[in-house]
Enquirer: 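Here it is, the structure in full.
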Amino acid sequence: MATERYNPRDAEPRWQQKWNEENVFLTDNADPREKYYVLEMFPYPSGRIHMGHVRNYAMGDVVARYKRARGYNVLHPMGWDAFGMPAENAARDNKVHPKEWTYQNIASMKAQLKAMGLSLDWSREFATCDVDYYHRQQMLFIDMMEKGLVYRKKSKVNWDPVDNTVLANEQVIDGRGWRSGALVEQRELTQWFFKITEFSQELLDALDTLDHWPEKVRLMQKNWIGRSEGLTIRWEIVPETSPNAEREITVYTTRPDTLFGASFLAISADHPLAKEAAAANPAIDAFCEECRRAGTSLAALETAEKKGMDTGIRVRHPLDPSWELPVYIANFVLMDYGTGAIFGCPSGDQRDLDFARKYHLPVVPVVMPRDGDAASFTIGDVAYDGDGIMINSRFLDGMGTEEAFETVAAKLAAESLGNAPQAERKVNFRLRDWGISRQRYWGCPIPVIHCDDCGVLPVPKQDLPVKLPDDVTFDQPGNPLDRHPTWRHVACPQCGKDARRETDTMDTFVDSSWYYTRFTAPWEHEPTDKAAADRWLPVDQYIGGIEHAILHLLYSRFFTRAMRETGHVEAKEPFKGLFTQGMVVHETYSRGHGLTREWVSPADIRIEEADGQRRATLLSTGEDIAIGAIEKMSKSKKNVVDPDDIIASYGADTARFFVLSDSPPDRDVIWSEAGVQGAHRFTQRMWRLVSEAADALKTVAATPAKEGEALAISQAAHRTLKAVQGDYDKLAFNKAVARIYEFVNTLAAPLAKVAAGETDAGYRSAVREAVEILIALVAPITPHLAEECSAALGNAHLIAMSAWPSYDEVLVIENEIVYPVQINGKKRAELTIARDADQNAVQKAVLALDAVGSALNGQAPKKIIVVPQRIVNIVV
RNA sequence: GCGGACGUGGCGAAACUGGUAGACGCAAGGGACUUAAAAUCCCUCACCUUCGGGUAUACGGGUUCGACCCCCGUCGUCCGCACCA
């Protein structure tokens, strides 16, 4: 029977429409079955989807379809992370309103996602720039304000003095504004902050419970939170050296054990005392200015040499009041870590050592390695920062570092300076509070009002939402909300007098910190329907890029806690399982060298292979093109492949199949034309094999074979089913694909026989059963093809709504085992024996083998190791 | 600098808890069908070999009956973080 080639352009839209008509992917919150929430990180509506999206959503869709088949009530929603700078840039550059630009992009990307055949519940879709969404975000903000999780403080921003605007860090290039080229200044503005540090310890501790997260991500978060245990120590200032009435300097240290190695104190240029000293001394002032300037440029910061200036201030050593030390201002001390002041112990810290050598300060070794010799141990150019034995440290001598730490901590805690203990134990975190103020238009307005008389007040909830005005312009730099003629003017909700709206909008990370919760009841007037949120959260499987390993995931973890405190959810953690997928990468092609080098798109070239050499030529002119490194797909390198083109020429199933095959999902996958063609060949082959046998199979029932030739087919089907199921459970899509290939190879000959009419009814039943299993196995990856094949067999039901088949244990178990037989650890023979043969029987059978006999050469074996069902090893 | 991951054929990769290294795919080569091409189907495909076998999982050691897997050291690649006191 002649069969048409499978035509995805015809089949795919047809099945998508069918799924749509039957509402297959709408999720009912009231469905009593066990829940499964699978979510891929929602996209920014940049305009077009790229291959990274295809891979991400293909993975999520496999999980969603698989879990649905396994009987779960699956939630698989999609939305848009729609606020952010690109829309404002587009507005300024192309004179298009950010709103219009964003919603147009959403419309075209939505069409692209739909063409992929994803099993999404589109009824729950929203964009974070929808008033309905940011309205609820403003409600959350006010709830968080009431719980004391929001506050204002002065904070530094990158300020472009030419454009009069605040710049994000990524807009600062080599210390200059990306558009104006002006030297960026650090300015202090009063900004809004979320108190994420209130949860530092909890966010750290709970990492241990996230056992379905990659170890790598947990470690990155752990380092980011950066807990350290130490001591704050107060040092008395020698009164006559103080620039003002200040009597002491507080220092944070994790190494109080090295206190006798101290030779100076260093404070940040932004330290209050430094400012006092600067006011009195122009040289110090100039030095502080220099430090601040250097701080703006990353490049300078990395190469900066350690610099300091003596303030003239002297302090007394906490363990010996007669010992005075100098206080320096140093460029490497940061005001926002610890207390902005350190004590320098040159023998125990490389940075302090470099500093001490430069300014001729004493270097006293106080810790030596355990096998060191106290009399001869000295420090040269390298500090010793390890553990060891205390030396030159008076009453600490001979102790271990840990014991010395405890001793100093206890002693200083018991002593006092003024009315307070000289030192206190202190746990310090690297994590800082989350600054969310952005001086931009295209974001969620911070719902507060500034009144001269009443201060800063939240917008009353009944007055929400604070909507963004539509009539704004982007022809001038700065925040359009600031210069809007009327928007900011509002009556004070308390006294009724003229007041001003906050014009800062929220960081877009706020939008993405709770969207997964909103998906559980996007129609709800309150931010959440708590019952729905509690039912669905945490997300069972979250899938996205590793680039969000820290910020997005940490902020979301914070938000879940904040929403718990404000009574919106019960969940402790937002994401139970996390999977970070690899990128889609592609070869790069270019012509010319150096400055004249020009990147060429893969669509414009032809690749040929001859004598093992791959050559690329330009299609238009035939000129040679250099084949370069494999890199992440990017517009600048032009190594991008447009998903639309692929779907148009091969279909969505081929694209989905390819991005999931070959590479493990957490590793990068190399996009190649040959690979896609291979995937496409698979879809065609599967269709051909099934459709050619379809007529002969239509009328037979699916029944596994118990014996004879067909038994092997049923066994292969059930074994593959078991294995692929395990692969899907572990998100090992590449392995599932390999097994599916293998299974199709096994089924090829039987299907051909069936098509040729050479088989009996029992055989056909076994083949039909095997094909039904094959269809179920491929359905999560290539759902349209699965439906098409199933329909060809005469099935009326949708595969998308069908239950996962279950395997028969009897068919999975092998009745005979092939034992590899090793002699001294090298494989020499094979032994096929009944599965239930006991050790003695196996040993006997092994010794009877020719290969074993000749190896033994008449001698008795030293030892025979039989690992049941695995291997036999004979030691001679 | 600190922390982490990784290193297997021409390529992407498999290999369960320490048990036959290279499944599956790509590329390549040969053949069948065809006037021809495409498509399809079949065969070969780590290296060496005196055809018995020998050598191979970055390199050098170790543990073990047995090591891609565990331990020690070296080299390399990638990622994250960083004047963090």
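Lettering follows sequence order; numbering is per chain, from 1. Heavy-atom basis, side chains included; hydrogens, waters and symmetry copies ignored. Computed from a predicted structure; not experimentally measured.
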Enquirer: Taking syn as within 90° of 0 and anti otherwise, name the glycosidic form of B:rG9.
Expert: syn
Enquirer: Among side-chain atoms of A:Gln201 and A:Arg227, is any donor-acceptor pair under 3.5 angstrom?
Expert: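 A donor-acceptor contact under 3.5 Å links the two side chains.
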Enquirer: Side chain of A:Arg667: nearest nucleotide among B:rG25, B:rG54, B:rA14?
Expert: B:rA14
Enquirer: Pick one for B:rG52: is it syn, with its angle within 90° of 0, or anti?
Expert: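 You should classify B:rG52 as syn.
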Enquirer: Please report the distance separating the P of B:rC11 from the corresponding atom of B:rG62, rounded so that it comes out in whole Å.
Expert: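 Straight-line distance between the two P atoms is 30 Å.
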Enquirer: Applying a 4.0 Å non-hydrogen cut-off, can you work out what A:Ser661 is touching in the nucleic acid: base, sugar-phosphate, or nothing?
Expert: nothing
Enquirer: Using the benzene-type ring in the case of Trp, are the ring centres of A:Phe355 and A:Phe264 under 6.0 Å apart?
Expert: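 Ring centres of A:Phe264 and A:Phe355 closer than 6.0 Å.
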Enquirer: Does A:Lys827 reach a base, just sugar-phosphate, or nothing at all? Heavy atoms under 4.0 Å.
Expert: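 Base contact.
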Enquirer: Name the closest nucleotide to the A:Arg351 side chain, picking from B:rC83, B:rG80, B:rC81.
Expert: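 Looking only at side-chain atoms, A:Arg351 lies closest to B:rC83.
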Enquirer: Which nucleotide in the list B:rA27, B:rA23, B:rA82 gets nearest to the side chain of A:Ala674?
Expert: B:rA27
Enquirer: Between A:Arg681 and B:rC41, is there a contact of a side-chain N or O with OP1 or OP2 at under 4.0 Å?
Expert: no
Enquirer: Checking side-chain polar atoms at under 3.5 Å, does A:Thr683 have a donor or acceptor matched by the opposite partner on A:Tyr650?
Expert: no
Enquirer: Over all strands shown, is A:Leu334 touching base, sugar-phosphate only, or nothing at heavy-atom distances under 4.0 angstrom?
Expert: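 Base contact - A:Leu334 has a heavy atom under 4.0 Å of at least one base atom.
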Enquirer: What do you reckon, are the aromatic ring centroids of A:Trp671 and A:Phe658 less than 6.0 Å apart?
Expert: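 They qualify: ring centres under 6.0 Å apart.
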Enquirer: If only side-chain N and O atoms of A:Arg5 are considered, is one of them under 4.0 Å from the OP1 or OP2 phosphate oxygen of B:rU40?
Expert: no
Enquirer: Heavy atoms under 4.0 Å, any strand shown: does A:Val867 hit a base, just sugar-phosphate, or nothing?
Expert: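 Counting heavy atoms under 4.0 Å across all strands, the contact made by A:Val867 includes a base.
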Enquirer: Can you tell me if A:Asn745 touches the phosphate of B:rG25, counting only side-chain N or O atoms and a distance under 4.0 Å to OP1 or OP2?
Expert: yes
Enquirer: Hey, does the side chain of A:Arg828 come within less than 4.0 Å of B:rG54's phosphate (OP1/OP2), counting only N and O?
Expert: yes
Enquirer: Expressed as a whole number of Å, how far does the C1' atom of B:rA67 sit from that of B:rC81?
Expert: 34 Å
Enquirer: Can you check whether A:Asn734 has a side-chain N or O nearer than 4.0 Å to OP1 or OP2 of B:rA14?
Expert: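 Affirmative; the distance criterion is met.
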Enquirer: When we call it a touch if two heavy atoms are under 4.0 Å apart, what does A:Arg739 touch: a base, just sugar-phosphate, or nothing?
Expert: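 Here A:Arg739 touches no strand at all.
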Enquirer: Out of B:rA14, B:rG66, B:rU20, which has the shortest distance to the side chain of A:Pro664?
Expert: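 Selected nucleotide (nearest to the side chain): B:rA14.
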Enquirer: Can you confirm if the aromatic rings of A:Phe260 and A:His317 lie within a centre distance of less than 6.0 Å?
Expert: yes
Enquirer: Would you mind pulling out the nucleotide paired to B:rA82, Watson-Crick or G-U wobble, both distances under 3.5 Å?
Expert: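 WC or wobble partner does not exist here.
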Enquirer: Identify whether any heavy atom of A:Val821 sits under 4.0 Å from a base atom; if not, whether one sits that close to sugar-phosphate; answer base, sugar-phosphate or nothing.
Expert: nothing
Enquirer: Looking at every strand, decide which applies to A:Tyr741 at a 4.0 Å heavy-atom threshold: base, sugar-phosphate, or nothing.
Expert: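 Answer is sugar-phosphate: A:Tyr741 comes under 4.0 Å of backbone atoms only.
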Enquirer: Mind checking who B:rA21 pairs with, Watson-Crick or G-U wobble, both distances under 3.5 Å?
Expert: none
Enquirer: May I ask you to verify if any side-chain N or O of A:Tyr337 is less than 4.0 angstrom from the OP1 or OP2 atom of B:rA85?
Expert: yes
Enquirer: I'd like to know whether NZ of A:Lys358 has more than 12 heavy-atom contacts from other residues, nucleotides or ligands below 6.0 angstrom.
Expert: yes
Enquirer: Under 4.0 angstrom, heavy atoms only, what part of the nucleic acid is A:Asp352 near: base, sugar-phosphate, or nothing?
Expert: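 Touches nothing.
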Enquirer: Ignoring the backbone of A:Lys216, work out which of B:rC24, B:rC79, B:rG3 is nearest its side chain.
Expert: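 Of the candidates, B:rC79 comes closest.
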Enquirer: What distance, rounded to whole Å, do you find between the two P atoms, one in B:rA39 and one in B:rA27?
Expert: 10 Å
Enquirer: Look at the side-chain N and O atoms of A:Arg432 and state whether any lies under 4.0 Å from the OP1 or OP2 oxygen of B:rC84.
Expert: no
Enquirer: Is there a side-chain polar atom (N or O) of A:Arg870 under 4.0 Å from OP1 or OP2 of B:rC16?
Expert: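 A:Arg870 to B:rC16 OP1/OP2: no side-chain N or O under 4.0 Å.
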Enquirer: Touch check for A:Gln822, heavy atoms < 4.0 angstrom, all strands: base, sugar-phosphate only, or nothing?
Expert: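 If one applies the 4.0 Å heavy-atom cut-off, A:Gln822 turns out to touch a base.
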Enquirer: Can you identify which nucleotide, out of B:rA23, B:rC79, B:rC83, has its nearest atom closest to the A:Asn331 side chain?
Expert: B:rC83
Enquirer: Measure distances between side-chain N and O atoms of A:Lys735 and base N and O atoms of B:rC24, and say whether any donor-acceptor pair falls under 3.5 Å.
Expert: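 No.
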Enquirer: Please measure how far the P atom in B:rC45 lies from the corresponding atom in B:rA38, and state the result in whole Å.
Expert: 24 Å
Enquirer: When rounded to the nearest Å, what value does the distance between C1' atoms of B:rG9 and B:rG4 take?
Expert: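 These two C1' atoms come out 29 Å apart once rounded.
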Enquirer: Considering only atom C1', compute the distance from B:rA5 to B:rA85 and round it to an integer number of Å.
Expert: 29 Å
Enquirer: Does a donor on one side chain and an acceptor on the other come within less than 3.5 Å for A:Gln869 and A:Arg835?
Expert: yes
